[in-house]
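This report concerns only the one structure given below.
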2 protein chains.
Amino acid sequence: MAAGSNSLELVVLGLLKEQDMHGYELKKRMTESLGLIMHVSWGSLYPALARLEAKGAVKAVEARLAAPSVPMTGSLGGERAVFRSSSDGLRGSRNKKVYGITDLGSALFSEMLNNDSEIDEKGFAVRLAFANHMDSKMRLKMLNERRDLILERVKSSRRNIEKKRFALEPYVELVLEHFRSTNSSDLAWIEELIAKEESSIQNSGTDLLVSQKIKDSI
Amino acid sequence: MAAGSNSLELVVLGLLKEQDMHGYELKKRMTESLGLIMHVSWGSLYPALARLEAKGAVKAVEARLAAPSVPMTGSLGGERAVFRSSSDGLRGSRNKKVYGITDLGSALFSEMLNNDSEIDEKGFAVRLAFANHMDSKMRLKMLNERRDLILERVKSSRRNIEKKRFALEPYVELVLEHFRSTNSSDLAWIEELIAKEESSIQNSGTDLLVSQKIKDSI
DNA sequence: TGCCGATATATCAGCTCGATATAACAGAAA
DNA sequence: TTTCTGTTATATCGAGCTGATATATCGGCA
């Protein structure tokens, strides 16, 4: 019922905030620009869109007529085909269904972005990727929560290992050591971000990374 | 039907190879020693055990009578209670069901460990954690596959970003940069492991990390 | 004695993955 | 022209995972 920490819906809304898109385009965009961060399958993308549509967060809109997908040749047949077999009047050529974000969807996006916590690795990365839609205070809060979580995780692991009621197999120790090292550099990175964020708050309220144009839509 | 890359079953079998355990104990052990690497919930652990039991890879055994869970006080009531309400004769005190690995389970473990590929981050870490049950050649193969996969992923991301048919939001670039850096250190780590493995193969067939005792059970 | 926290198993709805099916269309080849 | 192949596009399925919750049992303690 509650939003939960659904990073997929967050990403979909975040991308639709930039531009109307259909499912295939969304997935392409995700794997192209966020491919290192997350991965999405058809089996979760289309149900997610259906969910968001049912909630009223997105709605089908008329297909954009501008440059469908690198047409190369200028045959204008596409434009005519857009309004072909439209049972609902909104299916474009190739049966495309283009989605746009609604005001409710925008509100939901902000809510998920700002109010979700207890998020995992992927959820954090996704939230941070859209952090230009937060204000400085919120970014700082998120970064601090993440720092504490990693810190606690590493400490807990160290505590458990040092109890050593069992013999660790040699490769387990190898892997753990690497994970600890990864966590350390994650930690250093986050603390760097926190420092930047704090200094940018002190130097008047101007954000370093957020342009004024985007800021007003927070 | 085929094994697929089920890292949970692999871990369960790997841990049961060391010692008979019941579900609760398995989870505790996992979060304590492998907590940084993976996480398991009740909703997946018990069904996994049931699956493995159905396959004949594990089977319920008599509860071990030695030190149930740090008893502290030497009240010997526990031992008597072990054979209490046994509808199947194998339920210990507190309704415990202790599992042991079968020969078939051992074979399945080796099969999953050696034949799975196309595995994700977590799957790789888990496999590596049990790499002392592989031979040098297999370890090398796994490490090489992983290196190629990461390499390809990073290159693919770079290719897609450089096409830049869309403007990346500032924080997305920030996150991507960090992920690339993480991938780089993962890569360096893996190449280090490969180098070690190769040199250990050259220096006669002796493995550096695998003790002779474990080796014979490969 | 009653209460609390740890032990122990189990189940549920909702979500995700990987695979697969289906179809429209574009461009090249035949 | 027709056929063939690859890309675009949506949809669905089984099976597995997660977080939450339910239900007991037992040890220690006041």
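In what follows, chains are A, B, ... by sequence order, proteins preceding strands, each numbered from 1.
Between the NZ atom in B/Lys141 and the CD1 atom in B/Ile194 there is a gap of 13.0 Å [rounded to 0.5 Å]. A distance of 13.0 Å separates CD of A/Glu121 from CE of A/Met38, quoted to the nearest 0.5 Å.
Protein atom CE of A/Met38 is 13 Å distant from nucleotide atom C1' of C/dC15, rounded to whole Å. For the pair A/Met30 CE and D/dA9 C1', the computed distance is 15 Å after rounding to whole Å. Rounded to whole Å, atom C1' of D/dT25 lies 12 Å from atom NZ of B/Lys96. Spacing between atom CE of A/Met21 and atom P of D/dT10 amounts to 12 Å, rounded to whole angstrom units. Atom pair B/Lys27:NZ and C/dA10:C1' shows a separation of 14 Å (rounding to whole Å applied).
Direction of the helix axis in the helix from C/dT1-D/dA30 to C/dA30-D/dT1 shifts by 0° between the two five-pair termini, rounded to 10°.
Using a 4.0 Å cut-off, no side-chain N or O of A/Tyr24 falls inside it from OP1 or OP2 of D/dT10. Regarding contacts with the backbone of C/dT7, a side-chain N or O of B/Lys28 is found under 4.0 angstrom from either OP1 or OP2. Phosphate proximity of D/dA11 to A/Tyr46: absent, as no side-chain N or O sits under 4.0 Å from OP1 or OP2.
In this structure the side chain of B/Leu49 never reaches within 4.5 angstrom of the side chain of B/Lys97, judged on heavy atoms. Contact of the A/Leu174 side chain with the B/Leu193 side chain is registered, since non-hydrogen atoms from C-beta on lie closer than 4.5 Å. Two residues are said to be in side-chain contact when any heavy atoms from C-beta on lie closer than 4.5 Å; A/Leu128 and A/Arg146 fail this criterion.
We find that A/Glu169 and B/Lys17 are not joined by a salt bridge, their nearest charged nitrogen and carboxylate oxygen being 4.0 Å or further apart. Using a cut-off of 4.0 Å between Lys/Arg side-chain N and Asp/Glu carboxylate O, B/Glu25 and B/Arg29 are scored as not salt-bridged. Using a cut-off of 4.0 Å between Lys/Arg side-chain N and Asp/Glu carboxylate O, A/Glu152 and A/Arg159 are scored as salt-bridged. With salt bridges taken as basic N to acidic carboxylate O contacts below 4.0 Å, none links B/Glu197 and B/Lys137.
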- Summary of protein contacts for nucleotides 13-23 of chain D, nucleotide by nucleotide, where a base hit scores B, a sugar-phosphate-only hit scores S (4.0 Å, heavy atoms): B--SSBBB---

